[in-house]
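To keep things clear, I will list the structure first and then write my remarks on it.
Please read these numbers as outputs of a predicted model, since none were measured by experiment.
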Amino acid sequence: MTVIGYQAQVADGIRKKGIKRVNSFFKTPEEAVEEAFSLKEKLDSRYKNKIKWDYGKKITGTLEKMKILKGYLEGDEDSSAFYLQITTSEIQRNLKLSTPSKPKKFTANDKKVMTKVAKIFV
């Protein structure tokens, strides 16, 4: 029997590469969002906090692949974008689910994004 699993991914706009923990599926979208913001902190530290995240943009995509936050290096919208993304897939019920890594900082804007994502998945 299968269930829905959520996974957090971050797309690095400069290196054109995605970042995620391998085989890390979560049981709720909120856990996946926490993991995404933890990965965002790693990306921010890699680029010395020069990524300007646009919290005003709409959440785009489908329930299978949803981009929840977009950012640009030094705010240059002509450059390649960075994405926080939540994906869903069917996983085996007996697969061990992961515990999300918690971000060190969780701002009010981050909480708003989490609330929006939770409403979409309800």
Side-chain angles (χ1 to χ4, degrees):
M1 177 164 258
T2 61
V3 295
I4 298 294
Y6 302 91
Q7 192 169 35
Q9 298 176 343
V10 176
D12 186 331
I14 302 298
R15 295 183 182 184
K16 308 286 190 216
K17 185 177 178 182
I19 303 168
K20 67 179 178 181
R21 278 198 305 170
V22 178
N23 296 326
S24 60
F25 291 97
F26 308 99
K27 48 181 163 174
T28 65
E30 290 87 354
E31 288 179 347
V33 171
E34 282 183 4
E35 177 74 14
F37 280 109
S38 176
L39 292 170
K40 174 186 165 281
E41 282 182 348
K42 291 179 184 177
L43 200 59
D44 279 337
S45 68
R46 178 182 292 168
Y47 290 99
K48 297 180 174 84
N49 294 319
K50 292 186 179 180
I51 301 171
K52 301 295 182 212
W53 296 98
D54 189 358
Y55 288 93
K57 294 258 186 196
K58 287 178 65 175
I59 294 174
T60 61
T62 63
L63 291 178
E64 289 81 26
K65 191 174 187 179
M66 183 182 304
K67 292 179 181 165
I68 63 171
L69 191 61
K70 199 177 208 180
Y72 298 97
L73 192 61
E74 297 182 359
D76 180 14
E77 291 192 14
D78 292 332
S79 67
S80 297
F82 295 82
Y83 295 101
L84 296 185
Q85 176 171 285
I86 304 297
T87 59
T88 59
S89 56
E90 291 187 6
I91 58 173
Q92 294 297 320
R93 183 178 291 268
N94 60 357
L95 183 69
K96 186 176 184 250
L97 297 173
S98 302
T99 303
S101 55
K102 307 275 187 196
K104 292 177 183 145
K105 296 181 198 173
F106 206 69
T107 66
N109 285 329
D110 297 343
K111 289 178 185 175
K112 287 179 187 177
V113 170
M114 181 182 279
T115 303
K116 286 181 188 177
V117 171
K119 286 180 182 177
I120 291 171
F121 279 106
V122 171

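Across Val117 and Pro29, no two heavy atoms sit closer than the pair CG1-CB, 4.2 Å. Residues Leu63 and Met66 approach most closely at CD2-CE, 3.8 Å, considering heavy atoms. Residues Val113 and Ile68 share a closest heavy-atom pair of CG1-O, 4.0 Å. When all heavy atoms are compared, the tightest approach of Phe26 to Ala8 is CE1-N, 4.3 Å. The shortest non-hydrogen separation linking Ser98 to Ser24 is OG-CA, 3.3 Å. Residues Ser80 and Gly13 approach most closely at CB-O, 3.0 Å, considering heavy atoms.
For the atom pair Thr2 OG1 and Gln92 CD, the distance stands at 6.5 Å (nearest 0.5 Å). Considering CG of Leu43 and CD1 of Ile14, their distance stands at 9.5 Å, rounded to 0.5 Å. Note that CG of Asn49 and CD of Glu74 are 12.0 Å apart. Values are rounded to the nearest 0.5 Å. Here NZ of Lys27 is found 12.5 Å from OH of Tyr6. Values are rounded to the nearest 0.5 Å. Annotation: the span from Leu73 atom CG to Lys52 atom NZ amounts to 9.5 Å, rounded to 0.5 Å.
Under the 4.5 Å side-chain heavy-atom criterion for Ile, Leu, Val, Met, Phe, Trp and Tyr, Leu69 and Phe106 are members of the same hydrophobic cluster.
Taking Ile, Leu, Val, Met, Phe, Trp and Tyr as members and joining any whose side-chain heavy atoms lie under 4.5 Å apart, directly or through other members, the hydrophobic cluster of Leu95 also contains Val3, Phe25, Ile91, Leu97.
Applying the salt bridge (Lys or Arg N to Asp or Glu O under 4.0 Å) criterion to Lys70, with sequence neighbours excluded, gives no partner residue. For Tyr55, the ring pair (Phe, Tyr, Trp, His ring centres under 6.0 Å) test picks out no residue, with sequence neighbours left out.
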Original post:
Stepwise, does the side chain to side chain contact (heavy atoms under 4.5 Å, CB included) test hold for Leu39 with Leu84?
Top reply: CA-CA 9 Å; Leu39 292 170; Leu84 296 185; 5.6 Å; no
**OP:** Test Asp110 against Thr107 for side chain to side chain contact (heavy atoms under 4.5 Å, CB included), laying out the working first.
**Re:** CA-CA 5 Å; Asp110 297 343; Thr107 66; 3.1 Å; yes
**OP:** May I have the step-by-step check of side chain to side chain contact (heavy atoms under 4.5 Å, CB included) for Glu34 and Met114, ending in yes or no?
**Re:** CA-CA 8 Å; Glu34 282 183 4; Met114 181 182 279; 3.6 Å; yes
Original post:
Phe121 and Thr28: side chain to side chain contact (heavy atoms under 4.5 Å, CB included), yes or no, with the steps?
Top reply: CA-CA 9 Å; Phe121 279 106; Thr28 65; over 6 Å; no
Subject >> Residue pair Lys104, Glu41: steps toward the salt bridge (charged side-chain N to carboxylate O under 4.0 Å, His left out) verdict >> reply: CA-CA 8 Å; Lys104 292 177 183 145; Glu41 282 182 348; 5.4 Å; no
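Ring centroid separation for the pair Phe82 and Tyr72 does not come in under the 6.0 Å cut-off.
Salt bridge present: Lys40 and Asp44 bring a charged side-chain N and a carboxylate O closer than 4.0 Å. Using a cut-off of 4.0 Å between Lys/Arg side-chain N and Asp/Glu carboxylate O, Arg46 and Asp12 are scored as salt-bridged.
A donor-acceptor pair under 3.5 Å is formed between the side chain of Thr115 and the backbone N or O of Lys111.
Heavy-atom contacts from other residues, nucleotides or ligands closer than 6.0 Å to NZ of Lys42 number 12 or fewer. Within 6.0 Å of atom CG in Asn23, 12 or fewer heavy atoms from other residues, nucleotides or ligands are found, so the atom counts as exposed in its surroundings.
By the 4.5 Å heavy-atom criterion applied to side chains, Thr87 and Glu64 are not counted as neighbours.
Partner of Glu35 under the side-chain hydrogen bond (donor to acceptor under 3.5 Å, both in side chains) criterion, out of Gln9, Arg21, Gln7: Arg21 alone.
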